[in-house]
Amino acid sequence: MSNELVDYQMQYIFLALFWILWCTIHSIMIALPVTNYLESKLANNYRYYRLFFNFISGVTLIPVLLYSQELKGQLIFVWDGHFIIIQFILFMIAFILFLTGARKYDMMQFLGIRQIKSRRAHAPLTESGKIDVTGVLGLTRHPWYLGSIIFIWVFNKNIYLSTLIINLVLTIYLIVGTFLEERKLLALCGDRYRSYQNKVSMLIPVKWVKEKLNL
C-alpha cells in the first residue's frame, strides 16, 4: 500500500475521530450525572453553565469544521434532477420542525440567558416547566433532533466521501442524543413524561399517523 493511500485513509479516519470527539464532549457536558454533580458543587453559579456549554460547543466546533472543509474525496451523490424536488420538500420539513419547535421551547432558556436573569437553573426547555403536548410536540417528542437529522442530509447539494462520514457520525450522535435526552426527561418528569412517551413518537411521527388512519 502506497504512502499516499495511507495518508488519504488516515485523513478520513481523523475526520471521523474529530467529529466523534466533538460529539462525545458535547454529550458528556450535558449528561445528567455531570450536570447534577456540577449543580451540587456550583450552587447558585450553576445558572451560568448553559451559557458556558453553548460557548464551548461553538468554540470547539470551529477547528472541526475547518478541518472538514479541507477534505472532499470521492463524489457519492448529487441532489439534482428530480431529486431536487425531494431535497426541497425535506428541507422545508426540517425548516418547519425548527420553526414550530422554537415556538414551543423557551429560547432564552436554550441560550442560557433566562437562567442568569432569574438567578436559578431551569430543567425542561419550556418556560412553564410543564410538558407541552400540543402542536408539533403532539407529532414528535423531539422536533429539533428530527429536523437536524433531515437537515444534515439535504444541506449540501454534493455529498462527497467526507460529507457522508460527517453525516453518518452526526446522525448516530443525534439518535443517541435523543435517547439520552429521553432518560434525562424521565428522571426529571417521571410518570408525566412516561405518559407522553406512550402517546407521541420519539422522532418519526408513526403514532400520530396511526391515530389519524385509525390503525
Side-chain angles (χ1 to χ4, degrees), residues 16 19-35 49-50 53-54 56-58 60-61 64-65 68 86-87 89-112 114 122-156 159 163-189 192-211:
W19 277 101
I20 291 171
L21 178 61
W22 182 83
C23 292
T24 302
I25 293 172
H26 190 273
S27 296
I28 289 174
M29 288 183 69
I30 57 173
L32 194 57
V34 173
T35 55
Y49 184 68
R50 180 74 195 189
F53 164 77
N54 290 336
I56 294 298
S57 297
T60 54
L61 183 60
V64 181
L65 288 175
S68 302
I86 299 175
Q87 182 191 24
I89 292 172
L90 291 173
F91 182 85
M92 290 306 299
I93 291 173
F95 176 78
I96 291 170
L97 287 169
F98 286 132
L99 181 63
T100 53
R103 291 178 176 177
K104 293 296 180 180
Y105 297 137
D106 183 356
M107 295 303 297
M108 293 286 283
Q109 183 176 333
F110 176 78
L111 295 172
R114 187 174 302 283
H122 297 250
L125 286 176
T126 56
E127 189 170 356
S128 65
K130 297 180 180 179
I131 298 175
D132 190 347
V133 298
T134 62
V136 70
L137 296 179
L139 299 177
T140 171
R141 300 198 299 271
H142 301 280
W144 279 359
Y145 280 103
L146 178 58
S148 297
I149 292 172
I150 296 172
F151 179 77
I152 62 177
W153 287 100
V154 301
F155 176 70
N156 295 299
I159 297 180
T163 314
L164 180 63
I165 292 172
I166 295 168
N167 288 359
L168 287 172
V169 171
L170 289 177
T171 299
I172 294 171
Y173 161 71
L174 288 167
I175 293 173
V176 172
T178 306
F179 280 103
L180 293 176
E181 186 71 11
E182 289 280 289
R183 290 177 59 185
K184 180 185 293 187
L185 290 168
L186 273 173
L188 292 170
C189 303
R192 289 182 299 147
Y193 195 77
R194 192 171 287 107
S195 176
Y196 179 45
Q197 287 178 315
N198 293 331
K199 296 177 182 178
V200 180
S201 299
M202 185 174 74
L203 289 172
I204 302 174
V206 176
K207 294 181 180 180
W208 181 83
V209 172
K210 286 183 177 181
E211 180 184 346

Can a donor-acceptor pair be found, under 3.5 Å and without considering hydrogens, that links the side chain of [X] to the backbone of [Y]?
| X | Y | value |
| --- | --- | --- |
| R50 | L111 | no |
| N167 | V154 | no |
| T35 | L32 | yes |

Salt bridge (charged side-chain N to carboxylate O under 4.0 Å, His left out) filter on R183, not counting sequence neighbours, yields none
Discussion item. Is the shortest side-chain heavy-atom distance between V200 and K207 below 4.5 Å?
Written reply: no
Is there a side-chain contact between V34 and I30, using heavy atoms and a 4.5 Å cut-off?
-> no
Return the minimal non-hydrogen interatomic distance between [X] and [Y], and the atom names on each side.
| X | Y | result |
| --- | --- | --- |
| G101 | V136 | N-CG1, 4.0 Å |
| S57 | T60 | O-OG1, 3.3 Å |
| I159 | L164 | CG2-N, 4.0 Å |
| I150 | A94 | CG2-CB, 4.0 Å |
| L174 | Y145 | O-CD2, 3.5 Å |

What distance do [X] atom [atom1] and [Y] atom [atom2] have between them, rounded to the nearest 0.5 Å?
| X | Y | atom1 | atom2 | value |
| --- | --- | --- | --- | --- |
| W19 | T24 | CH2 | OG1 | 12.5 Å |
| C23 | L61 | SG | CG | 9.0 Å |
| N54 | M29 | CG | CE | 9.0 Å |
| C189 | K184 | SG | NZ | 11.5 Å |
| L90 | I149 | CG | CD1 | 12.5 Å |
| F98 | S148 | CZ | OG | 3.5 Å |

Going by side-chain hydrogen bond (donor to acceptor under 3.5 Å, both in side chains), name the residues that satisfy it together with [X], two or more places apart in sequence or in a different chain.
| X | result |
| --- | --- |
| S195 | none |
| Y173 | H26 |
| T171 | W153 |

Mind checking whether Y196 and Y193 have ring centres under 6.0 Å apart? yes
Here the salt bridge (Lys or Arg N to Asp or Glu O under 4.0 Å) pairs for residues 194-203, sequence neighbours left out, are D191-R194
So the salt bridge (Lys or Arg N to Asp or Glu O under 4.0 Å) pairs with at least one residue in residues 135-153 (sequence neighbours excluded) are R141-E182
Partner of W144 under ring pair (Phe, Tyr, Trp, His ring centres under 6.0 Å), picked from Y105, F95, F151, is Y105
With S68 as partner, the option from I166, I165, T163 fulfilling side-chain contact (heavy atoms from CB on, under 4.5 Å) is I166
Could you tell me whether I204 atom CD1 has more than 12 heavy atoms of other residues or ligands within 6.0 Å of it? no
